[in-house]
Every structure is written in structure tokens, then in C-alpha cells.
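Working notes for the structure below.
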Amino acid sequence: MENAKLLMIVGDYVEDYEVMVPFQALQMVGHSVDAVCPDKKEGQFVRTAIHDFEGDQTYSEKPGHNFVLNSTFAEIDPQQYDGLVLPGGRAPEYLRLNENVLDIVRHFSTADKPIAAICHAAQLLAAAGVVRGKRVSCYPACSPEVTASGGSYAAISVTEAIADGNLVTAPAWPAHPAWLAKFQQVLVAHLEAQASQRSHLVQV
């Protein structure tokens with residue numbers, strides 16, 4: 001299997017599980033993952049937050065680990081990546097104010113490259129204008145943004161995920177097994193299609 005080069009955009013108070021679990025799991029199956037944050041460099045870190053479901057009307061929030069960045073935002077070229085990973089937490093709330101971040105999200109959507117977005121990452125998708133006509137899962141509190149941006153909110157179980165074309169979304173970190181499995185399927189199909197296209201061009 002060909003391995004993918006993936007970009008992960010994070011920010012301060014990204015959800016702890018939603019950044020670390022996919023960052024490690026995707027590397028475990030052979031992909032490379034460059035984690036970046038606007039205005040920060042390789043070797044610096046973002047703070048994370050732990051969001052849990054403890055019987056309240058919304059999630060609770062506690063301090064998480066520091067997550068060290070392994071690439072520099074200002075140096076990346078989105079065209080060099082096969083897919084995009086967008087964790088949730090509180091980071092998307094302010095990252096969506098950064099036009100460079102939104103342009104990167106639009107690049108992956110326009111190029112029809114795989115995008116994995118979970119929980120509050122739907123705020124980035126909506127702000128970038130890439131959910132119109134798409135079926136999207138997210139944390140329920142973000143569903144009004146999905147529908148207001150022309151998307152169709154998928155009210156699925158917190159342990160489930162959905163794929164609409166190359167866009168893979170899920171409600172929150174309990175969906176990691178389903179979300180990452182679907183993203184892997186989409187990535188493999190995308191890489192195989194790219195390889196087939198390259199082979200065809202060589203033969204021509």
C-alpha cells in the first residue's frame with residue numbers, strides 16, 4: 001500500500017484525544033503526518049484540552065497535555081499533501097478567523113483530496129464554505145453552522161462516522177475507531193486512483 005503525506009492543522013486548546021490519537025495512529029499504519037499551527041514553528045507546542053461526557057448538558061473541559069508541533073505552518077505547501085486532518089476542541093473557533101487556514105481547507109476540498117474532520121472541526125469546514133451539499137457529522141452544538149452553510153447535518157451516534165465522497169466526519173473522540181477506519185479507506189482509494197492516473201499518463 002502506498003502511504004500518504006498528511007497535513008494536520010491544530011491550535012491552542014485542541015481536544016487532547018482528537019489530536020494525539022489520529023497523529024499517532026495514522027503514523028502507525030505508515031502515513032506521515034505534519035502537525036502545524038499558525039504563527040508557531042516546529043518544536044513549539046500547543047496546549048490541549050480534555051473534553052469528557054460526564055452527565056452534564058454539555059461536555060466538561062480540563063487541561064490536557066502539551067502537543068509538540070513537528071512542522072512549521074509558514075513553510076508548508078498544501079499541494080504537497082495527500083490529505084488533511086482537522087481535530088476538534090476549542091481551537092477551530094479561533095483558527096477559522098485565519099484566512100490562510102481557510103484557504104488550505106478550500107484547497108483540499110477543491111482538489112477533492114481526503115479530509116478528516118471531527119467534532120468542532122466542522123466550524124472550520126463551514127467557515128471555509130466547503131460543506132454545501134455535503135452530509136456532515138460534528139458535535140451537535142456545531143450543527144447549526146453546518147446547516148447554515150448549506151450542509152446536511154448527520155445526527156449519528158457519538159461512536160459512528162460518515163464519509164461523503166472524500167470528506168470523513170464524526171461527532172467526537174468516541175468515534176475514533178470508525179472515523180479513522182473510514183478515513184483510511186478513503187485515503188487508500190485516493191492513493192490508488194492517483195497511482196492509476198500516473199500509470200496511465202506514463203503509458204500514453
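- Between Gln27 atom CD and Asn70 atom CG the span is 7.0 Å, to the nearest 0.5 Å.
- In terms of modelled atom types and a separation under 3.5 Å, the side chain of Asp52 and the main chain of Ser60 share no donor-acceptor contact.
- One hydrophobic cluster, built from ILVMFWY side chains closer than 4.5 Å, cannot hold both Phe73 and Val10; they sit in different ones.
- No more than 12 heavy atoms of other residues, nucleotides or ligands sit less than 6.0 Å from atom OH of Tyr13.
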Practice problem: Run the numbers on Gln184 and His31 for side-chain hydrogen bond (donor to acceptor under 3.5 Å, both in side chains), then give the verdict. | Solution: CA-CA 10 Å; Gln184 174 70 355; His31 305 306; 2.8 Å; yes
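- Looking at every heavy atom in both residues, Ala121 comes nearest to Pro87 through CB-O, 3.5 Å.
- No continuous path of hydrophobic side-chain contacts links Val85 to Val131 [ILVMFWY only; heavy atoms under 4.5 Å].
- Annotation for Gln79: atom CD does not count as buried by contact number, only 12 or fewer foreign heavy atoms lying within 6.0 Å.
- Closest non-hydrogen pair, Tyr153 versus Thr147, comes out as CB-CG2, 4.1 Å.
- Side chain of Arg47 to backbone of Asp12: no donor-acceptor contact under 3.5 angstrom is found.
- In this structure, the side chains of Cys138 and Val146 come closer than 4.5 Å at one or more pairs of heavy atoms.
- Put simply, CG on Leu191 and NZ on Lys113 are 11.0 Å apart, with the number rounded to the nearest 0.5 Å.
- Although no hydrogens or angles enter the test, the distance criterion places a donor-acceptor pair under 3.5 Å between the side chain of Gln44 and the main chain of Lys41.
- Between the Gln24 side chain and the Val21 main chain, no donor and acceptor come within less than 3.5 Å of each other.
- Cluster annotation: Tyr81 is not connected to Leu187 through the hydrophobic network of ILVMFWY side chains, with a link wherever side-chain heavy atoms come within less than 4.5 Å.
- Note that the CD1 atom of Ile104 and the CG atom of Leu95 stand 10.5 Å from one another [nearest 0.5 Å].
- Between atom OG1 of residue Thr72 and atom CG of residue Asp39 there is a gap of 11.5 Å, rounded to the nearest 0.5 Å.
- For the residue pair Ala163 and Val186, the shortest heavy atom distance occurs at CB-CG2, 4.4 Å.
- A donor-acceptor contact shorter than 3.5 Å is absent between the side chain of Ser109 and the backbone of Val105.
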Exercise. Take Leu125 and Thr169, measure what side chain to side chain contact (heavy atoms under 4.5 Å, CB included) needs, and give me the verdict at the end.
Key: CA-CA 10 Å; Leu125 300 177; Thr169 54; 4.2 Å; yes
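- Checked by atom type and distance alone, the side chain of Asp82 never pairs as donor or acceptor with a backbone atom of Leu6 at under 3.5 Å.
- Although no hydrogens or angles enter the test, the distance criterion places no donor-acceptor pair under 3.5 Å between the side chain of Lys62 and the main chain of Ala49.
- Atoms OG1 and CG, from Thr48 and Asn66 in turn, are 7.0 Å apart once rounded to the nearest 0.5 Å.
- Residues Leu86 and Ile118 have side chains not in contact (no heavy-atom distance under 4.5 Å, counting atoms from C-beta outward).
- Residues Asn100 and Pro38 are not in side-chain contact: their nearest non-hydrogen atoms beyond the backbone lie 4.5 Å or more apart.
- Panel note: side chain Asn166, backbone Ile115; no donor-acceptor pair is recorded below 3.5 Å.
- When all heavy atoms are compared, the tightest approach of Ile50 to Pro63 is CD1-O, 3.6 Å.
- Side-chain rings of Tyr59 and Tyr139 approach one another, their centers coming within less than 6.0 Å.
- Within 6.0 Å of the CZ atom in Phe67, the count of heavy atoms belonging to other residues, nucleotides or ligands exceeds 12.
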Exercise. Would you check, one step at a time, whether the test side chain to side chain contact (heavy atoms under 4.5 Å, CB included) holds for His120 with Arg96?
Key: CA-CA 11 Å; His120 284 69; Arg96 61 183 167 169; over 6 Å; no
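- Listed by chain and number, the residues in a salt bridge (charged side-chain N to carboxylate O under 4.0 Å, His left out) with Glu75 amount to none (sequence neighbours excluded).
- Between the side chain of Asp164 and the backbone N or O of Arg135 there is at least one donor-acceptor pair closer than 3.5 Å.
- Phe183 and Ile156 fall into different hydrophobic clusters, where Ile, Leu, Val, Met, Phe, Trp and Tyr are joined by side-chain heavy atoms under 4.5 Å apart, directly or via other members.
- Using a 4.5 Å cut-off between side-chain heavy atoms of Ile, Leu, Val, Met, Phe, Trp and Tyr, with links allowed through other members, Leu26 and Val36 fall into different hydrophobic clusters.
- The pair Arg90-Glu15 fails the salt-bridge criterion, with no side-chain N (NZ, NE, NH1 or NH2) lying under 4.0 Å from an Asp/Glu carboxylate O.
- When all heavy atoms of Lys182 and Ala161 are compared, the pair lying nearest together is CE-O, 3.0 Å.
- Interatomic distance, Phe23 CZ to Leu69 CG, rounded to the nearest 0.5 Å: 9.0 Å.
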Quiz prompt | Check against side chain to side chain contact (heavy atoms under 4.5 Å, CB included), Lys134 and Ser152 | solution = CA-CA 6 Å; Lys134 293 283 188 179; Ser152 173; over 6 Å; no
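- Between Ser32 and Lys5, the shortest heavy-atom contact is OG-CA, 3.4 Å.
- Under the 4.5 Å side-chain criterion, counting only non-hydrogen atoms from C-beta, Leu84 is not in contact with Pro114.
- Side chain of Trp173 to backbone of His51: a donor-acceptor contact under 3.5 angstrom is found.
- Partners of Asp56 under the side chain to side chain contact (heavy atoms under 4.5 Å, CB included) rule, at least two apart in sequence or in another chain, are Glu54.
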